[in-house]
Amino acid sequence: VRAGAPIRLELRLESVVEGVLVSGTATAPVTGECSRCLGPVDTEVEVDLQELYLYGPPGRRGVPAADDDDLPQVVDDLIDLEPAVRDAVVLSLPVSPRCRDDCPGLCVECGARLADVGPRHTHAQSDPRWDGLRGLMENKENE
Ligand SMILES: [Zn+2]
Ligand SMILES: [Zn+2]
């Protein structure tokens with residue numbers, strides 16, 4: 001997700017006894033490099049969000065409650081959505097992004113993108129790992 005890229009939020013904020021329950025979805029544009037062919041990946045991810053923002057103790061709204069330090073708080077009547085959105089989006093990103101689901105990758109011989117050169121792309125040269133065997137065959141023919 002490029003810095004400054006717009007992230008679309010569709011959220012429902014509900015007042016509950018302990019605080020404010022936020023639920024909905026975040027949609028973010030995602031760019032990167034295909035793990036198979038190194039071509040550009042340009043897509044977006046949509047993630048579900050649900051996070052409870054606690055009120056501080058009565059009379060101390062905005063002051064984090066000591067035993068709930070790890071949970072997000074309503075501070076000065078505001079909630080900070082960024083950590084929740086960031087965590088949800090980061091977790092949804094693919095470890096091996098692909099430009100398309102059936103990306104054929106690169107030719108192992110010349111590195112051409114198989115999506116560009118077509119499925120019948122081949123090379124006449126034989127695999128060098130067979131050179132030793134070919135030598136044996138030729139010796140036999142000479143005998
Ligand atoms: Zn690809
Ligand atoms: Zn090739």
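Since this is a predicted model, take the numbers as computed values, not measurements. We count ligands from 1, going down the list as the structure has it; atoms in each ligand are counted the same way.
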About how large, to 10 degrees, is the angle SG of Cys110, then the Zn ion (ligand 2), then NE2 of His123? 110°
Can you check the angle at the Zn ion (ligand 1) formed by SG of Cys103 and SG of Cys37? Round it to the nearest 10°. 110°
To the nearest 0.5 Å, atom CD of Glu10 lies from atom CG of Leu49 at 11.0 Å
Distance-only, no hydrogens or angles: does the Arg98 side chain make a donor-acceptor pair with backbone N or O of Cys103 under 3.5 Å? no
Minimum heavy-atom distance between Pro104 and Ala115, given as atom pair plus value: CG-N, 3.6 Å
Taking the Zn ion (ligand 2) as the vertex, measure the angle between atom SG in Cys107 and atom NE2 in His121; round to 10°. 110°
Which atoms form the tightest heavy-atom contact between Tyr53 and Val74, and what is the distance? O-CG2, 3.6 Å
